[in-house]
Structures are given as structure tokens and as C-alpha cells.
Amino acid sequence: MIETTIARAGQFKGEDVTIKGWLYNKRSSGKINFLIIRDGTGLMQAVMLKQELPEEQFNMFDELTRESSLIVSGSVRKDDRAPGGYELTIKNLEPVQIAEEYPITKKEHGIDFLMGVRHLWLRSQKQFHILKIRNEIIYAIRKFFYERDFILIDTPILTGSIGETASTLFSTDYFDLGKAYLAQTGQLYLEAACMSHRNVFCFGPTFRAEKSKTRRHLTEFWMIEAEMAYCDLACDIELQEDMVVYTVEHCLEKCRAEFEAIERDTAPLEKIKKPFERMLYDEAVSFLQERGSSIKWGDDLGAEDETIISQEFDQPVFVMNYPRGAKAFYMKENPDNPKTVLCSDLLGPEGYGEIIGGSQREDNLEKLLARIREEKLPEEAYEWYLDLRKYGSVPHSGFGLGVERTVAWICGLPHIRETIPFPRTLSRLYP
Ligand code: 4AD
Ligand code: MG
């Protein structure tokens, strides 16, 4: 007997195969019983006909509960009405474990309940397909960097220097060395590595003790960051554009079935093309004020502000050169207006808001030190980082893309919580 998967079953039309999976659903028309089986590669309808399988197996139908694990063997038949296009006529059925009453049913469940059973919810079709799209997004970005000769640098999770802001740190006691912080970013370490490898990237979990409950914030999220030596903000922005276009095109090519399964209208994604919109922060402030925002020059854009901008354009929008006070200490002073820094936030379209934060880095030793002091960051912790400005300092830039926000945008999801297998938020540590 050939053992195969549901995805490959079509190759064995007319032959007998074995499939190992779980019972997704079942129904009966009295004489004929139907099992909908999932095996991690797809869904398949399997038919139980009295004359085709041993009587005691046929009679098991009532016992088979949802999510029971089972192994079925039978012949593959083409059937255009069946999901996946093929159907299995069962000749042998072997339960592996009969599942207890499954908590997720056809009725509408509240989000808290579903998040509480996230370990089981992952088996539901929509969740299954979202995580497949996530997989393709991550693959596309890694491939993009590989094709451009970027080197993967794994940056530490336990860190001594604060990467972004002191206000959202998770810390833990670190033996005799005081506090260690969970990484908010790999950037500072990438800055060191790009002086060795020129073009580098990292991909890892990052942590922020965000006390706000929003649809865009997690306390643990995955970030893909790049850092390039001899690269200014314009070169940084161009790379981001290329990467986002590449990723969207990859998903449109590879994830047709998944987009259909989650009912994502792909028309807005088909429009994504270079060049993206560009707007200076100053322009963004007037743009927002004209549309009723209470933003004042100097403020960071609020979530609402980002939504307003990103609803007005079909393309992602780069908002550039924010006021110094609204951004992190490491960003390079804008020589044309020292009250601002050379940076960009990329806002996704369709109201998604910031998905990438990037900047040119301050490469001047005195200016960087002054910013560290101004932000009252502990100078000793940055000695190594300041060294990079003493030994062959060069203009360099980089960015960080939030994986979950990108998945939310590409999948068209209103909330970030379904874009990661086990979301960590202010109110959730289990499962
Ligand atoms: O804008 P951020 O804070 O930038 C950095 O961390 C830089 N060090 C990156 C760099 O230049 N190497 O974060 C980058 C991205 C944001 O644009 C957003 O997509 C995501 O990370 N992000 C979050 N995603 C989910 N939950 C949170 N709490 C997030 N905070 C940031
Ligand atoms: Mg940011």
C-alpha cells in the first residue's frame, strides 16, 4: 500500500493509498457516511460505503468524534465537487485515538475563548492558512536577502545595552553582572557586523513590555532587520521598497489557495509597485491636521494618524525625517534641519500603519555620545557601540520589518493576534 499525503493523493488516481490524519468533520446520508479528513497538507473527503469496508469499521462512524486521529486506506477517485478534487473510498479505517469532545465547535466562539484554546485553534482552516502565508512571507524575505548576498548574523536575545527605549524593557537578573534585557532589536549588533560583512540581516524574536492593548502590539514579536555599510537613507529606502514588492509578488504567486481560503481580496496587493509614496514628516503633519488630527509638530504619529495616511494611498507610504525627540538615540541628525533625523517609517496601505522602521545611523562619535547623554542612557553600556565610530566609521543605514504586522497586512487581518502561532500580549501568557 502506498502511503501518501492529501496534497499528493491526486497522483494516485485509481490506486489504493494510505493517509494518516485527523477527522475534521463528518456527515451521513444514512447509507453513505462521509469523513472530512485533514492531514496537514489539505482536506479530503473520504467515503464509507457499507460494501467496501468491514462491518465493524463501518459501524464505527458514530464513535468517530471530531479531531480523532485516524489512518485510512482506500482508492483515490477524481471528483470535481470534492474539496481538493479527489475523494477516497475507504477500504480500511484504523482509529489512532478517539478524541474527547472537542471544545471548538461550529458555533461562533468569542475571541477570548479561542485564544485560550489557541493550541487547538491552530488546526482550524483559517488559522492553518494564515500561518502558511506567514511561512511564505518569511521565506521570501530570506530569499531576497540571500539573492542580494546579505549575510545572516544572529544577534543576542540577552543584552546589556538598551536597543530602543528604556520604557518598554523586559529585564532579568544576570548572575553577578546586574540586569540583562531581552532584546528590543538586533540593530546595534548588526551595526557592528556590517562593518565586517558590509550587508547583513538578522531575524529573531524581539521583546517590548508594551502596556498598551492595541491591534498592532505584541510583547514578543519577530523582526527582520537589515544593516548596510556605505548606504544612506535613500539607499535604505530603495532596499525596503524592493523587499516589500518582492515579498508581495512571491505571496501572490505562491499563496493563491491560501488567500482564497481566508477570503483575502488580493486586488489591493496586485497594485503594489515601485515607487512607493514618500512624504516628509512636516508634510505629514499638515496632511493630518487638514484631516482633523490634533497632531502638533514634534509629536510622533499616533496609530490613528498612521491609519489616516495609509487609507489614502494604494501604495505603502514612507514618512521621512521625524523630529529628533520622537525617535531613538541612534538616528543621524539631518544636516538640513538638525531638529529632525534621517529616518523613515513605512506605512502599509489599507489602513495598516507602520510595518517598517528605518534610519541612517549617527556615525559621528561626538554627536552620538551627546544623544546618549541627552536620553540619559548608561554610557558604560555603549562603550563597545561607540567604538564603531572610532574605528573606520562610515555612513550606514538599516531598517526593521515587523513580521506580524506584515502578515496582518498581506492577509488583510484586522488584528495582529492571529498572525503568530502563540501571541504574547499584556493579558496572555498561556497557552
Ligand atoms: O520601529 P522599530 O521600533 O524599529 C527598530 O526596532 C529598529 N531598531 C529597526 C532597525 O532599524 N533595525 O520596530 C521595527 C518594526 C516596526 O515597524 C513594527 O513593524 C514592528 O517592528 N514592531 C512591533 N510589532 C509588533 N508589536 C510591537 N510591540 C512592535 N513594535 C515594533
Ligand atoms: Mg517605529
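Computed from heavy atoms alone, side chains included, the values below leave out hydrogens, waters and symmetry copies. Bear in mind the structure is a predicted one, so any value in this text is a computation, not a measurement.
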For the backbone of [Y] and the side chain of [X], can you confirm whether one donor and one acceptor N or O come within less than 3.5 Å of each other?
X      : Y      : answer
Ser196 : Ala192 : no
Glu283 : Leu280 : yes
Thr214 : His217 : yes
Gln289 : Ile295 : yes
Ser393 : Asp363 : yes
Thr219 : Arg424 : yes
Ser69  : Gln97  : yes
Ser310 : Gly348 : yes
Thr247 : Ala140 : no
Gln360 : Asp232 : no

Does the structure place the NZ or CZ of [X] under 6.0 Å from the centre of the six-membered ring of [Y], at an angle of no more than 45° from the ring's axis?
X      : Y      : value
Arg27  : Phe34  : yes
Arg291 : Phe287 : yes
Lys26  : Phe61  : yes

To the closest 0.5 Å, what do you measure between [atom1] ([X]) and [atom2] ([Y])?
X      : Y      : atom1 : atom2 : answer
Tyr146 : Leu152 : OH    : CG    : 11.5 Å
Met243 : Ile356 : CE    : CD1   : 4.0 Å
Arg134 : Thr406 : CZ    : OG1   : 10.0 Å
Leu182 : Leu158 : CG    : CG    : 6.5 Å

Do [X] and [Y] make a side-chain contact, defined as non-hydrogen atoms from C-beta onward lying under 4.5 Å apart?
X      : Y      : result
Lys106 : Asn25  : yes
Ile130 : Gln127 : yes
Ile137 : Cys255 : no
Glu164 : Thr206 : no
Leu120 : Tyr102 : yes
Tyr246 : Arg148 : no
Glu354 : Leu347 : yes
Arg215 : Pro414 : no

Do the charged groups of [X] and [Y] touch, with an N to O distance under 4.0 Å?
X      : Y      : answer
Asp236 : Arg361 : no
Glu147 : Lys143 : yes
Arg371 : Glu375 : yes
Glu418 : Arg118 : no
Glu350 : Arg264 : yes
Glu304 : Arg216 : no
Arg8   : Glu3   : no

Closest approach of [X] to [Y] (non-hydrogen atoms, all atoms of both residues):
X      : Y      : answer
Ile272 : Gln315 : CA-OE1, 3.5 Å
Ile157 : Pro205 : CD1-O, 3.7 Å
Glu362 : Leu368 : CG-N, 3.7 Å
Tyr382 : Ile162 : OH-O, 2.6 Å
Pro83  : Gln45  : CD-CB, 4.4 Å
Met48  : Phe58  : O-CE1, 3.5 Å

For a quick check under 3.5 Å, do Thr340 and Asn334 share a side-chain donor-acceptor pair by atom type?
yes
Under a 3.5 Å threshold, yes or no: a donor from one side chain and an acceptor from the other, between Thr168 and Gln184?
yes
Only one of Glu136, Glu249, Lys132 forms a side chain to side chain contact (heavy atoms under 4.5 Å, CB included) with Lys254, so which one is it?
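Only one option passes, and that is Glu136.
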Among Ile6, Thr4, Ile71, which residue satisfies the side chain to side chain contact (heavy atoms under 4.5 Å, CB included) criterion with Lys20?
Ile71
Test Arg123 against Tyr24 for side chain to side chain contact (heavy atoms under 4.5 Å, CB included), laying out the working first.
CA-CA 9 Å; Arg123 304 178 191 192; Tyr24 191 69; 5.8 Å; no
Fit a plane to each ring of Tyr281 and Tyr322, take the angle between them on a 0 to 90° scale, and name the class: parallel (under 30°), tilted (30 to 60°) or perpendicular (over 60°).
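Tilted, since the angle between the ring planes falls between 30° and 60°.
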Counting only heavy atoms not in [X], do more than 12 fall under 6.0 Å of its [atom1]?
X      : atom1 : value
Phe12  : CZ    : yes
Phe313 : CZ    : yes
Lys13  : NZ    : no
Phe170 : CZ    : yes
Phe422 : CZ    : yes

Test side chain to side chain contact (heavy atoms under 4.5 Å, CB included) applied to Lys274 - qualifying residues, sequence neighbours left out
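Applying side chain to side chain contact (heavy atoms under 4.5 Å, CB included) to Lys274 gives Glu238, Glu241, Asp242, Val245.
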Assess whether side chain to side chain contact (heavy atoms under 4.5 Å, CB included) is satisfied between Glu15 and Val76, documenting all intermediate values.
CA-CA 6 Å; Glu15 291 180 72; Val76 179; 5.9 Å; no
Quick check: are the SG atoms of Cys231 and Cys235 less than 2.5 Å apart?
yes
Check step by step if side chain to side chain contact (heavy atoms under 4.5 Å, CB included) holds for Leu386 and Ile372.
CA-CA 10 Å; Leu386 291 163; Ile372 287 173; 4.1 Å; yes
Kindly indicate, with the supporting measurements, whether the criterion salt bridge (Lys or Arg N to Asp or Glu O under 4.0 Å) is fulfilled by Glu220 and Arg428.
CA-CA 11 Å; Glu220 178 181 292; Arg428 192 162 292 286; over 6 Å; no
Which of Phe201, Trp384, Tyr385 passes ring pair (Phe, Tyr, Trp, His ring centres under 6.0 Å) with Tyr189? It is Trp384
Between Leu93 and Leu35, is a side chain to side chain contact (heavy atoms under 4.5 Å, CB included) present by the stated rule, with each step listed?
CA-CA 11 Å; Leu93 183 154; Leu35 305 180; 3.7 Å; yes
